[in-house]
Amino acid sequence: MRILFFTDTLDVGGKERRLTELIKALQKNVETDFELVVMSNDIHYREILELGIRIHYTTRKTKRDLSIFSRFYKLCRDYKPDLVHCWDSMTAFYLVPVCRLLGISLINGMVVDSPVKRNISNKYYLRAKLTFPFSTVIVGNSRAGLEAYRAPDKKGIVIYNGFDFKRTGNLATPDSIRTELKITTKYIAGMVASFAANKDYPSFYKAGQIILEKRNDITFIAIGNRTDSDESRNLIDPRFAGNFRLLGRRSNPEAYMNAMDICVLSTFTEGISNAIMEYMALSKPVIATDGGGTKEIVDDGNTGFLVSQTNPSMIAAKLEFLLDDAGLRTRMGESGKKRVEDTFSIELMTKRYLDLYQQLYDKAH
């Protein structure tokens, strides 16, 4: 079985991590042969370069570079894949006519969030409307995402993200992270996400400052692209700057998560968050914004707490509640790890993709 994967980028991000983990796992399957097409030269997940797979770089010269259609056509014509699997809306848009012309089954994997704005002013929703009718299967990483994009029931399938527990081995110790960051407070809480429009860092920062008005035994960490920007720093009252560490992008976020006592994800829209999955795999209690696919992974009151959107006071209240109950932090962390093991393992994710590939292959042959 020959599979050609397409993605707009392998920069830092959830879908990029998921694709990388899947490719690493598929290498162990002797019945699959695959190559990868990337529309960017910026590769964050460097381990994919060490796998020995063939990578085709097809960068655009302009935003409306029509030559991409012919370049994708040539790649598919020459490689002759049984299946094409795209991981984002842009490659889906380019691949629809290519796969139709060549008679190749198209797996559309663009559903990785759960948009609130569901009309054609949202370019991702527009691309969904344009590509779904011509896709063989639409894979979402959450039920909420498929419903939000209104994927046809007969085409939509949920395959949850998978976590490889090997990533938790050989992490830097919490004490070494504390030393590196010069943290002396008793507790650490953190959020791992890019400083971007769909991530609600203002609520996380505000919640931290609400707590710091009353107590000084906690440090807050922010990890992700642009968390160290001036725009991010300007959200912190100078009085509390000593209790925040805004670290920017890091290649080993798991080591910093492992040093946290409580992990937070404040957001506006989400599919299945890789960050939440990683928090739970590391046995950390989670506080996350309700909505989208988050409620499909966080069991409210058992593995963590769900809070309403843009509600820093509620985040602060749940943080304090957990800070003052070590036993609850431990129980929630243990429950979260078991939930990832049972439902979000890399083995289960890989099996579900392989089952899908085999099903489509058998149908075509």
Donor-acceptor pair, Arg60 side chain versus Lys63 backbone, under 3.5 Å? yes
Just do the side-chain hydrogen bond (donor to acceptor under 3.5 Å, both in side chains) check on Thr91 and Asp8 with the steps written out, would you? CA-CA 6 Å; Thr91 55; Asp8 58 348; over 6 Å; no
With sequence neighbours left out, which residue pairs that include part of residues 324-337 fulfil the salt bridge (Lys or Arg N to Asp or Glu O under 4.0 Å) condition? Arg215-Asp324
How many angstroms lie between NZ in Lys74 and OH in Tyr79, if you round to the nearest 0.5 Å? 15.0 Å
In sequence, state the C-alpha distance, the side-chain angles, and the governing distance for Glu47 and Arg17, and then conclude on salt bridge (charged side-chain N to carboxylate O under 4.0 Å, His left out). CA-CA 11 Å; Glu47 64 259 46; Arg17 165 58 76 184; 3.1 Å; yes
What's the spacing between Arg150 CZ and Phe132 CZ if we round to 0.5 Å? 11.5 Å
Is the number of heavy atoms from other residues, nucleotides or ligands under 6.0 Å of Asp153 CG greater than 12? no
Take Thr267 and Glu270 through the side-chain hydrogen bond (donor to acceptor under 3.5 Å, both in side chains) test and state the conclusion after the steps. CA-CA 7 Å; Thr267 185; Glu270 208 67 48; 3.0 Å; yes
Keeping Arg18 on the side-chain end and Gly162 on the backbone end, is there a donor-acceptor pair under 3.5 Å? no
When the aromatic ring centroids of Phe344 and Phe163 are compared, is their separation below 6.0 Å? no
Minimum-distance pair of heavy atoms, taken over all atoms of Ala128 and Pro133: O-CD, 4.3 Å
Tested for side-chain contact (heavy atoms from CB on, under 4.5 Å) against Leu146, the lone hit among Val158, Asn141, Val139 is Val158
Does some side-chain heavy atom of Tyr256 sit less than 4.5 Å from a side-chain heavy atom of Arg245? no
N/O donor-acceptor pair under 3.5 Å between Thr343 side chain and Val340 backbone: no
Could you tell me the separation between the CD1 atom of Ile236 and the CG atom of Asn243, rounded to the nearest 0.5 Å? 10.0 Å
Hey, is NZ on Lys24 packed in by over 12 heavy atoms from elsewhere, all under 6.0 Å? yes
Could you tell me whether Asp237 and Lys206 make a salt bridge, using a distance below 4.0 angstrom between a side-chain N and a carboxylate O? no
Considering only NZ, NE, NH1 and NH2 on the basic side and carboxylate oxygens on the acidic side, decide whether Arg249 and Asp11 come within less than 4.0 Å. yes
Can a donor-acceptor pair be found, under 3.5 Å and without considering hydrogens, that links the side chain of Ser229 to the backbone of Arg226? yes
Is it true that the NZ or CZ of Lys284 lies under 6.0 Å from the centre of Tyr279's six-membered ring and within 45 degrees of the ring axis? no
Taking atom types as modelled, is there a side-chain donor on Thr219 or Thr185 under 3.5 Å from an acceptor on the other? yes
Counting distance only, does the side-chain N/O of Ser273 pair as donor-acceptor with the main-chain N or O of Ala275 below 3.5 Å? yes
Taking the side chain as every heavy atom from C-beta outward, state whether Leu10 and Asp42 have any atom pair closer than 4.5 Å. no
Begin with the C-alpha distance, continue with both residues' side-chain angles, and end with the deciding distance and a verdict on side chain to side chain contact (heavy atoms under 4.5 Å, CB included) for Phe72 and Val37. CA-CA 9 Å; Phe72 278 13; Val37 182; 4.0 Å; yes
Atom CZ of residue position Phe321 - does it have more than 12 heavy atoms of other residues, nucleotides or ligands inside 6.0 Å? no
Does Tyr124 have more than 12 heavy atoms from other residues, nucleotides or ligands lying within 6.0 Å of its OH? no
Verdict with reasoning, Glu35 to Phe6, per side chain to side chain contact (heavy atoms under 4.5 Å, CB included): CA-CA 9 Å; Glu35 293 183 0; Phe6 287 79; over 6 Å; no
Decide if atom NZ of Lys129 counts as having more than 12 heavy atoms of other residues, nucleotides or ligands within a radius under 6.0 Å. yes
Counting only heavy atoms not in Tyr353, do more than 12 fall under 6.0 Å of its OH? yes
Does Arg2 pair with Asp33 as a salt bridge, N-O distance under 4.0 Å? yes
Donor-acceptor pair, Asn252 side chain versus Glu254 backbone, under 3.5 Å? no
State, without any angle test, whether Ser176 and Thr173 hold a side-chain donor-acceptor pair at a distance under 3.5 Å. yes
Could you give me the CA-CA distance, side-chain angles and deciding distance for Ile188 and Ile221, then say whether side chain to side chain contact (heavy atoms under 4.5 Å, CB included) is met? CA-CA 7 Å; Ile188 300 174; Ile221 294 177; 3.5 Å; yes
Just by modelled atom types, is the Thr59 backbone N or O under 3.5 Å from a matching donor or acceptor in the Arg71 side chain? yes
N/O donor-acceptor pair under 3.5 Å between Glu296 side chain and Arg143 backbone: yes
Taking the side chain as every heavy atom from C-beta outward, state whether Lys15 and Thr7 have any atom pair closer than 4.5 Å. yes
Separation between CZ (Phe69) and OH (Tyr73), nearest 0.5 Å, reads 14.0 Å
Calculate, to the nearest 0.5 Å, the distance between atoms CG and CG belonging to Asp230 and Leu235 respectively. 11.0 Å
On a heavy-atom basis, the closest approach of Thr131 and Ser135 is O-OG, 2.8 Å
Under 3.5 Å, is there a donor on one side chain and an acceptor on the other for Asn311 and Ser308? yes
CG/Asn170: more than 12 non-hydrogen atoms of other groups inside 6.0 Å: no
Are Leu26 and Ile107 linked, directly or through other ILVMFWY residues, by side chains that come within less than 4.5 angstrom of each other? yes
Taking the side chain as C-beta and beyond, is there a heavy-atom pair between Leu348 and Tyr160 under 4.5 Å? no
Sequence neighbours left out, what pairs pass salt bridge (Lys or Arg N to Asp or Glu O under 4.0 Å) with at least one residue falling in residues 171-184? Glu180-Arg250
Find out whether Thr289 and Asp200 are in side-chain contact, i.e. whether some heavy atom of one side chain is under 4.5 Å from a heavy atom of the other. no
Run Asp113 and Tyr149 through side-chain hydrogen bond (donor to acceptor under 3.5 Å, both in side chains) and show every step you take. CA-CA 9 Å; Asp113 65 345; Tyr149 278 102; 2.8 Å; yes
Test log, rule side-chain hydrogen bond (donor to acceptor under 3.5 Å, both in side chains), inputs Glu278 and Asn274: CA-CA 6 Å; Glu278 290 161 3; Asn274 273 30; 4.5 Å; no
Validation row: Leu265, Val286 side chains within 4.5 angstrom (heavy atoms): no
Ring centers of Phe34, His85 separated by less than 6.0 Å: no
CD1 of Ile48 to CG of Leu36, rounded to nearest 0.5 Å, is 5.5 Å
Do the side chain of Lys295 and the main chain of Ala144 share a donor and acceptor less than 3.5 angstrom apart? no
Looking at Gln209 and Tyr205, would you say the former's side chain and the latter's main chain have a donor-acceptor pair under 3.5 Å? yes
Between Ser105 and Asp82, is any pair of side-chain heavy atoms under 4.5 Å apart? no
Student check: side-chain heavy atoms of Leu106 and Cys86 closer than 4.5 Å: yes
